[in-house]
Amino acid sequence: IQMIFNISGTTSNMKLKVICPSSKTVSMKMVLQRKDGNSWNKVQKWTQNGRGTQILTKSMAVVKGKKYRVKYTVTVGSETVSGKTATKTA
């Protein structure tokens, strides 16, 4: 599993890549979050399902000065892995 997250100016770029055999079913979820005060709030969510290697790529406008991160969940067959990126400031 490879998760890339960066912010350029006021655009966030996200790429979630899962490499696996074509015999495996894959479910991917990626959530862009913004920090408001002490809370992390959902900005947008994306999902993708398929078989074998999958790539989910998204871009979205962000607010300058705000902090963002991406949480992700990947299920391959019966195994689920979740994680989150480092926080980045727009």
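One-based numbering along the sequence shown. From a predicted model like this one, the values you see are computed outputs, not experimental measurements. Only heavy atoms go into these numbers, but all of them, side chains included; no hydrogens, no water, no symmetry mates.
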Let me confirm one number: the CE-CE distance from Met3 to Met28, rounded to the nearest 0.5 Å.
8.5 Å
Closest approach of Met60 and Val43, non-hydrogen atoms and distance?
CE-CG1, 3.7 Å
Given the options Val31, Val18, Ile1, Tyr72 meets side-chain contact (heavy atoms from CB on, under 4.5 Å) only with Ile1
Does Arg69 use its side chain to pair, donor to acceptor, with the backbone of Ala86 at less than 3.5 Å?
no
What pair of heavy atoms forms the shortest contact from Leu16 to Lys29, and how long is it?
CD2-O, 4.1 Å
For Trp40 and Lys67, which heavy atoms make the closest approach, and how far apart are they?
CZ3-O, 3.7 Å
For Asn13 and Ser59, which heavy atoms make the closest approach, and how far apart are they?
OD1-OG, 2.8 Å
Given Val70, Thr57, Leu32, the one that forms side-chain contact (heavy atoms from CB on, under 4.5 Å) with Trp46:
Leu32
Please name the pair of heavy atoms, one in Thr80 and one in Thr75, separated by the smallest distance, quoted to 0.1 Å.
OG1-OG1, 2.9 Å
Polar side-chain atom of Ser12 near backbone of Val62 as donor-acceptor pair, under 3.5 Å
no
Within this structure, what is the OG1-CD1 distance for the pair Thr89 and Ile7, rounded to the nearest 0.5 Å?
7.0 Å
Looking only at non-hydrogen atoms, find the nearest pair between Tyr68 and Phe5 and report the distance.
O-CE2, 3.6 Å
Find the distance between CD (Gln33) and CG (Asn41) and round it off to the nearest 0.5 Å.
8.0 Å
Are any non-hydrogen side-chain atoms of Asp36 and Lys66 less than 4.5 angstrom apart?
yes
Hydrophobic clusters here meaning ILVMFWY residues chained together by side-chain heavy-atom distances under 4.5 Å, can you tell me if Met14 and Val63 are in one?
yes
Can you spot which of Lys42, Lys45, Lys84 makes a side-chain contact (heavy atoms from CB on, under 4.5 Å) with Lys71?
Lys84
Is there a path of hydrophobic side-chain contacts, each under 4.5 Å between heavy atoms of I/L/V/M/F/W/Y residues, joining Ile55 to Val26?
no
Would you find a donor on one side and an acceptor on the other, under 3.5 Å apart, between the side chain of Gln54 and the backbone of Ser27?
no
